[in-house]
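Below is one structure, written out as structure tokens, with a few remarks after it.
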Amino acid sequence: LRKLALCSGSGKSLIQIVSRLKVDAFVTGDFGYHDCKDAETLDLCVIDMGHFQSERAFPELAVQAMKSVPEMRDLSFVALEGDSDPVKVY
């Protein structure tokens, strides 16, 4: 993979936009069966990491990206903690 699109939470409303970006894969959450079929029709590879999981991963990725900008290196960033996934699988 060389080019990814990333959307934390639910990215299913972005299928059309992301398909025009010519990415190798779209990493997001909350894709249902019909969303996956729509993506398949557009030849868009989707990696569904789950809504909650994508939001938990995003703050660290965002901090890394922001700290790579020279003007932002001296800023402090705080990620909120304590949230839990409301979806339980048994």
Side-chain angles (χ1 to χ4, degrees):
L1 298 174
R2 293 178 187 257
K3 186 175 178 184
L4 298 175
L6 172 65
C7 176
S8 65
S10 178
K12 61 187 170 188
S13 65
L14 301 174
I15 294 173
Q16 295 291 328
I17 294 168
V18 173
S19 70
R20 292 191 293 269
L21 298 176
K22 304 299 181 204
V23 297
D24 297 316
F26 181 29
V27 182
T28 188
D30 273 355
F31 262 62
Y33 173 82
H34 294 287
D35 306 313
C36 291
K37 293 301 282 182
D38 291 343
E40 181 180 48
T41 299
L42 295 168
D43 199 29
L44 176 62
C45 174
V46 173
I47 300 171
D48 184 341
M49 63 185 293
H51 187 112
F52 177 80
Q53 291 78 7
S54 70
E55 288 184 346
R56 292 297 290 174
F58 184 76
E60 182 61 32
L61 293 172
V63 167
Q64 288 175 13
M66 288 185 281
K67 285 192 177 252
S68 72
V69 177
E71 296 81 8
M72 299 183 98
R73 285 195 181 126
D74 294 329
L75 296 177
S76 296
F77 299 93
V78 177
L80 299 177
E81 296 181 12
D83 202 7
S84 62
D85 191 347
V87 177
K88 305 292 182 222
V89 178
Y90 299 95

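Position 1 is the first residue of the sequence, and the numbers go up from there. Keep in mind the model is a prediction, meaning the values are calculated, not measured.
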Do you know the tightest heavy-atom contact between Lys3 and Lys22? CD-O, 4.0 Å

How long is the span from the OG atom in Ser10 to the CD atom in Glu55, to the nearest 0.5 Å? 9.5 Å

Work out which heavy atom in Ser54 is nearest to a heavy atom in His51; give both atom names and the distance. OG-O, 2.9 Å

Single-linkage hydrophobic cluster, 4.5 Å side-chain cutoff, Leu6 and Val46 together: no

Backbone N or O of His34 within a donor-acceptor pair of the Lys12 side chain at under 3.5 Å? no

Using the rule given for side-chain contact (heavy atoms from CB on, under 4.5 Å), can you reason through Phe26 versus Leu14, listing the C-alpha separation, both sets of side-chain angles and the distance that settles it, and then say yes or no? CA-CA 10 Å; Phe26 181 29; Leu14 301 174; 4.2 Å; yes

Taking atom CD of Gln16 and atom CG of Leu21, what is their separation to the nearest 0.5 Å? 11.5 Å

Check: Thr28 side chain, Gly11 main-chain N or O, donor-acceptor pair, under 3.5 Å: yes

Joint hydrophobic cluster, Phe31 plus Val18, side-chain heavy atoms closer than 4.5 Å: yes

Residue pair Ala25 / Leu1: nearest heavy atoms and the distance that separates them: CB-CD2, 4.3 Å

Under a single-linkage definition using a 4.5 Å side-chain heavy-atom cutoff for Ile, Leu, Val, Met, Phe, Trp and Tyr, are Met49 and Ile15 assigned to the same hydrophobic cluster? no

Considering only heavy atoms from C-beta outward, does the side chain of Asp35 approach that of Asp30 to under 4.5 Å? no

Is the backbone of Leu4 close enough, under 3.5 Å, to the side chain of Asp24 for a donor and an acceptor to pair up by distance? no

